[in-house]
There are 2 protein chains.
Amino acid sequence: MKKDVMSKLLLIEDDHTLSDLLCEYLSAQGCDVSQAFDGEAGLQLATSESFDVILLDVMLPVLDGFEVLKKLRATHLTPVIMLTAKGDDFDRIFGLELGADDYLPKPFNHRELLARIHAIGRRIDYVKQASQQTQLMNINHVTLNESARRVSVDGHELTLTGTEFAVLYQLMSHVGKVVSKDTLSQHVLGRRLAPFDRSIDVHVSNLRKKIAKYNDCNCIQTIRGSGYVFLDQ
Amino acid sequence: MKKDVMSKLLLIEDDHTLSDLLCEYLSAQGCDVSQAFDGEAGLQLATSESFDVILLDVMLPVLDGFEVLKKLRATHLTPVIMLTAKGDDFDRIFGLELGADDYLPKPFNHRELLARIHAIGRRIDYVKQASQQTQLMNINHVTLNESARRVSVDGHELTLTGTEFAVLYQLMSHVGKVVSKDTLSQHVLGRRLAPFDRSIDVHVSNLRKKIAKYNDCNCIQTIRGSGYVFLDQ
DNA sequence: AAGCAATGTAAAGGCTGTGTAAAGATCTGC
DNA sequence: GCAGATCTTTACACAGCCTTTACATTGCTT
């Protein structure tokens, strides 16, 4: 929901002045921006780290933007917004058909760029959210009914608070996957996890206690330094 | 990939001539297009059926495009591409910040519109695909599950510390390539490698010991003076 | 072969993340 | 405005594990 902040971006642009300017603006808007100044360096970075969005200039030394995009798409699905001085249709269409997500002709308004970055992030969040929706889950002795907001353990109904339910729902809808405390905090409490904030720990502790009353399956495991995971089996 | 054909579209546009023209073109390209000629009718259709993408003109009778978008977003997450005669920045930014996925100023090339429709469809497919498949690496007897943070050797589950997992992940995601200690230190420990810092060596040592317990494949090799490499087979 | 630098690895603090009880703050329904 | 429920903060105990240290070993250079 508040993913707006902290997009991890890669800016591939050979004009140092423009690159620094953009970098400064986007950083001020809460993005984490990495820079590359030619196609090869950009591709190298793009394939070795993972970014939320890549901003890719078309006119680049060493390897041009289209080449970078083509090679990147051979292995990676990272969203790409192409930037270009050339404003003609053909270029735009070519970029989009090669697999770019968006295309922004220079000169552009910085705020429009940010808005387009957000648009892509938002769409991805929506789809992820939609694809994880399930009504009734029954995993490892625990049954969770999403729409009725009810949970039972081996048939024994639990009395959970809203937050406890939300935590359990997050964990159960990602069975077997580690869910970070930050993710939990954002989805359950609606805020980033602040240092020394122990709320999530306490909710998990209470949740475990309530579940353990009827079955000591230890279904909620701690992954030190990473988060919590709901175990299947 | 094969989503190219048969996108289900809703075109909300009051100019009948343009609407029919677009409709004809998009249909010829294999899209299933519904038409609405004012904002209210469009919103009605948009909320009662489900579309892959909605093409929304800004200047509309009864309810303008922004209003339609705002009301639609209250309940639906359908992708929206806004179309407008007004080319100014503010309009575009406003639309994007309201929740539009893309923004295309008139007059536009039909092929560009199609390319942008496809770009959105493609992104959605990618995300769906990515969010339902667990990232599994299986190299040289070692299986690593990224999202669950679990590792097994010939089927035997390993108990790794967070740092050991991170080191192994770095090495395995660059199979066959030498990863320098400095790179490892930066990605795994979050700091440059300082002189006399032996942490990485120790973690690699512990990792090897744990893996060797189940299979002495010596998959992690030392490249003296350069770093470490995870060997395939 | 000697010497040096890079690496392997066991062991020992010491720091950090986590569990949990209890107190304090905030919300909610009446 | 009150009472009860719920959430957050605080505090302390504890375990895990990261780093350091020290010494052994390896491999390259001359």
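Per chain, numbering begins at 1; letters A, B, ... match sequence-line order.
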Step-by-step side chain to side chain contact (heavy atoms under 4.5 Å, CB included) determination, A:S48 to B:H174: CA-CA 8 Å; A:S48 62; B:H174 299 97; 4.2 Å; yes

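- Between A:K181 and C:dG17 there is no side-chain N or O to OP1 or OP2 distance below 4.0 Å.
- For the contact set between residues 156-168 of chain A and DNA chain C, defined by any heavy atom under 4.0 Å, there are no members.
- For DNA chain D, the contact window with chain B, defined by any atom under 4.0 Å from a protein heavy atom, covers D:dC17 to D:dG27 in 5' to 3' order.
- Note on B:D102 versus A:R122: no salt bridge recorded, every NZ/NE/NH1/NH2 to OD/OE distance being 4.0 Å or above.
- Taking 4.0 angstrom as the limit, A:S205 places none of its side-chain polar atoms (N or O) nearer than this to OP1 or OP2 of C:dA21.
- For the pair A:N206 CG and C:dT20 P, the interatomic distance rounds to 9 Å; values are reported in whole Å.
- As a whole-Å value, the separation of A:D201 CG from C:dG17 C1' is 8 Å.
- Put simply, CD1 on B:I223 is 15 Å from C1' on C:dG8, counting in whole angstrom units.
- Counting to the nearest Å, the P atom of C:dG19 and the CD1 atom of A:I220 are 10 Å from each other.
- Using a 4.0 Å heavy-atom criterion, one finds that A:S199 contacts the bases of the nucleic acid, with or without backbone contacts as well.
- Ring pair A:H110/A:Y25 is tilted by interplanar angle, where 30° to 60° counts as tilted.
- Counting only distance, with no hydrogens or angles, the side chain of A:S173 and the backbone of A:Y169 share a donor-acceptor pair below 3.5 Å.
- With sequence neighbours excluded, no residue forms a side chain to side chain donor-acceptor pair (under 3.5 Å) with A:Q44.
- If you check every strand for non-hydrogen atoms under 4.0 Å, A:D197 touches sugar and phosphate atoms only.
- With sequence neighbours left out, B:N218 forms a side-chain contact (heavy atoms from CB on, under 4.5 Å) with B:Q221.
- Side-chain atoms of A:E164 come within 3.5 Å of backbone N or O of A:T161 as a donor-acceptor pair.
- Spacing between atom CZ of B:R198 and atom P of C:dA5 amounts to 14 Å, rounded to whole angstrom units.
- Between the P atom of C:dT16 and the CG atom of B:L189 lies a distance of 15 Å, rounded to the nearest Å.
- When the side-chain nitrogen and oxygen atoms of B:Y228 are compared with OP1 and OP2 of C:dA6, none of them lie within a distance under 4.0 Å.
- Residue-level contact check: B:R208 touches the backbone only, with heavy atoms under 4.0 Å from sugar-phosphate atoms and none from bases.
- Aromatic rings of A:H16 and A:F37 (six-membered ring for Trp) have centroids within the 6.0 Å cut-off, being under it.
- Ion pairing between B:R73 and B:D101 holds under the 4.0 Å rule for side-chain N and carboxylate O.
- At least one donor-acceptor pair under 3.5 Å links the side chain of A:H187 to the backbone N or O of A:T183.
- Here the options are A:K210, A:K213, A:R150, the test is salt bridge (Lys or Arg N to Asp or Glu O under 4.0 Å), and the partner is A:E157; only A:R150 passes.
- Looking at residues 210-218 of chain B, you'll see that no heavy atom sits under 4.0 Å from any atom of DNA chain D.
- As a whole-Å value, the separation of B:L207 CG from C:dT9 P is 12 Å.
- When B:L193, B:D197, B:V204 are each tested for a side chain to side chain contact (heavy atoms under 4.5 Å, CB included) with B:K181, only one passes: B:L193.
- Salt bridge A:D201/A:R198: present, at least one basic N to carboxylate O contact under 4.0 Å.
- A salt bridge does not link A:D32 with A:K8: every distance from a Lys NZ or Arg NE/NH1/NH2 to an Asp or Glu carboxylate oxygen is 4.0 Å or more.
- Overall bending of the helix from C:dA1-D:dT30 to C:dC30-D:dG1, expressed as the angle between end axes built from five pairs apiece, is 50° (10° steps).
- The two atoms that bring A:D38 and A:P61 nearest to each other are CB-O, 3.7 Å, heavy atoms only.
- Using a 4.0 Å heavy-atom criterion, one finds that A:V202 contacts the bases of the nucleic acid, with or without backbone contacts as well.
- Rounding to whole angstrom units, NE2 of residue B:H203 and C1' of C:dA11 are separated by 15 Å.
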